[in-house]
Structures are given as structure tokens and as C-alpha cells.
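Notes follow the structure.
All residue numbers refer to positions in the sequence shown, counting from 1.
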Amino acid sequence: MGYVIIMYVSGNTVGSSIRVKETALAYIAGFLDGDGCIKARIDKQPNNKFGLRTRIAVTFTQHIRNRHVLVWIKNQLKNGSIADYSKKRLSEYCITDSKYIERLLRGLKPYVVNKHRQLDLALRLLALKDRFKNKISFNQALSLAIEIRGLNNYPKKNSYSSPVTTHMEGTG
């Protein structure tokens, strides 16, 4: 097994490349399938031309006693942040950088089994680079975000400013 290079891009310049072992990517994909989520956010954005924006986030959730697993994944990917929710006894590792997410999802794609539809839809949404300026692309992105939300277990499919989560046994 070799390495997969996930490039971090800042603006138009390539920053440091991140090399992740294929075995690590396969493990992370399995973790995403089980205790992760590809979230579609639809946020009110008054300064945006269309009043809304669509975003993708990738999250991994664990009981706080297993936070070390999230730390390991974060150390592999070198992006995102971990938050602890002591009242719920949960830790969540969240990646929100859309350029990084696009590269990460491409790297995980060969290994994802359960959430392949969300992954494909998220990649299609992220490929709409002009979705903040072009009405047709914006509507396509909105439609893709709603479809992703529908695939995830989330009761308020049409609400705004709310993250989408996948229900996990034992975390509620």
C-alpha cells in the first residue's frame, strides 16, 4: 500500500501537501461510514447575492472516552478541529475547509461503502465553483444540499442555519 497525496490549496497557490497512507484512508472511510457524516449546510447569508449559501462539512463523532480515535484521524489529515460536548459526553472532529474536503472526499471515495451517495452529491456540489454568483449553479447546489440532507437522518430538512447529522446508536 502506498500513499495518497491530499493537497491543501489556499487561494490559487498550493500549500503543503499532505501524504496519507492508503490504509489510513481506508480506515477513515470506514469510520466515516459508521460514525461520520457528510453534512450539507444551507445558511442564511444576507450579504450573498441569493441570500443563502450552501456548504459541506465532514464530521466524525465519538463518545468522549474514545476521543483519542478522533485525535488520530485529525493527526492523519492535518485539518479541522475537535470539539468536546461534556453534557452529551461526545467529541466531534469537524472539517469545514471546502477545498480540503473536496480533495479528502476524492481520496476516500474508493473506500466508502455506506455513504457513497452523500459523497458523490457533495463532490458535485463542491464542483459548482460559481454557485455564489450564478443563479443556475446556486439552484443546483441548493438542490444537491437538500438531497444530501434527505439522505441523512435529520428531521428539519428545510430549516436553515442548522447542521445535518446522522443518527448514531448510543449517542442520543
Side-chain angles (χ1 to χ4, degrees), residues 1-10 14-43 53-126 144-145 147-157 159 161-172:
M1 287 262 175
Y3 286 88
V4 174
I5 297 177
I6 299 174
M7 303 288 283
Y8 177 75
V9 177
S10 177
V14 177
S16 59
S17 62
I18 298 167
R19 297 169 56 94
V20 181
K21 286 186 179 182
E22 284 184 69
T23 52
L25 278 178
Y27 176 84
I28 293 166
F31 205 88
L32 176 66
D33 270 341
D35 287 341
C37 188
I38 299 170
K39 299 179 180 185
R41 290 188 60 127
I42 302 168
D43 297 321
R53 72 174 176 174
T54 54
R55 297 187 301 156
I56 298 293
V58 175
T59 62
F60 303 88
T61 307
Q62 269 301 282
H63 189 281
I64 204 158
R65 74 174 164 259
N66 295 324
R67 184 182 196 277
H68 66 278
V69 178
L70 301 179
V71 170
W72 182 86
I73 294 171
K74 183 178 184 294
N75 286 339
Q76 298 301 304
L77 300 179
K78 297 175 178 40
N79 195 295
S81 60
I82 298 174
D84 297 317
Y85 302 97
S86 55
K87 287 185 180 182
K88 293 182 178 183
R89 296 184 307 216
L90 291 176
S91 293
E92 181 182 57
Y93 171 40
C94 184
I95 303 168
T96 58
D97 180 325
S98 61
K99 291 177 183 175
Y100 184 87
I101 289 171
E102 188 172 5
R103 285 161 179 77
L104 173 63
L105 293 179
R106 289 190 194 291
L108 295 177
K109 186 174 177 144
Y111 310 107
V112 169
V113 175
N114 186 41
K115 295 189 174 130
H116 63 89
R117 183 77 179 129
Q118 289 97 321
L119 186 148
D120 289 339
L121 293 168
L123 284 174
R124 285 177 49 199
L125 188 151
L126 292 169
L144 289 165
E147 191 171 349
I148 293 167
R149 292 172 69 108
L151 291 169
N152 293 330
N153 184 8
Y154 186 70
K156 300 177 186 174
K157 291 179 184 152
S159 68
S161 299
S162 301
V164 180
T165 58
T166 303
H167 176 74
M168 294 164 280
E169 291 297 323
T171 61

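Rounded to the nearest 0.5 angstrom, Arg53 CZ and Asp43 CG are separated by 5.5 Å. In this structure, CG in Leu121 is found 6.0 Å from CG in Leu144, a value given to the nearest 0.5 Å. In this structure, CG in Leu125 is found 11.0 Å from CD in Glu147, a value given to the nearest 0.5 Å. For the atom pair NE2 of His116 and CD1 of Ile38, the computed distance is 10.5 Å after rounding to the nearest 0.5 Å. In this structure, CD1 in Ile73 is found 10.0 Å from NE2 in His68, a value given to the nearest 0.5 Å. Atom NE2 of His63 and atom CG of Leu70 lie 12.5 Å apart (nearest 0.5 Å).
Between Tyr100 and Leu77, the shortest heavy-atom contact is OH-O, 2.6 Å. Smallest separation of non-hydrogen atoms from Leu108 and Ala29: CD2-N, 3.9 Å. Of all the heavy atoms in Cys94 and Ala57, the pair that sits closest is SG-CB, 4.4 Å. Across Gln118 and Asn152, no two heavy atoms sit closer than the pair NE2-OD1, 3.0 Å. For Gly36 against Lys115, the heavy-atom pair with the smallest separation is O-NZ, 2.5 Å. In terms of heavy atoms, Ile101 sits closest to Ile56 at CD1-O, 3.2 Å.
Under the 3.5 Å distance criterion, with hydrogens and angles disregarded, a donor-acceptor pair is assigned to the side chains of Ser91 and Asp84.
Looking at Arg55, its side chain never comes within 3.5 Å of a backbone N or O of Arg41 through a donor-acceptor pair. When atom types are taken as modelled, the side chain of Asn66 and the backbone of Val69 share no donor-acceptor pair closer than 3.5 angstrom. For the pair Lys39 (side chain) and Thr59 (backbone), a donor-acceptor distance under 3.5 Å is absent.
Partners of Asn114 by side-chain contact (heavy atoms from CB on, under 4.5 Å), not counting sequence neighbours, listed by chain and number: Asp33.
Residues Leu104 and Asn79 are not in side-chain contact: their nearest non-hydrogen atoms beyond the backbone lie 4.5 Å or more apart. Counting only heavy atoms from C-beta outward, the side chains of Ile95 and Lys74 never approach each other to under 4.5 Å.
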*Given the rule in the ring pair (Phe, Tyr, Trp, His ring centres under 6.0 Å) test, do Tyr27 and Trp72 qualify, once you have shown the distances and angles that lead to the verdict?*
CA-CA 11 Å; Tyr27 176 84; Trp72 182 86; 5.5 Å; yes

*Intermediate values then yes/no, side chain to side chain contact (heavy atoms under 4.5 Å, CB included), Lys78 and Val20*: CA-CA 10 Å; Lys78 297 175 178 40; Val20 181; over 6 Å; no

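Here the options are Ile28, Ile82, Asp35, the test is side-chain contact (heavy atoms from CB on, under 4.5 Å), and the partner is Phe60; only Ile28 passes.
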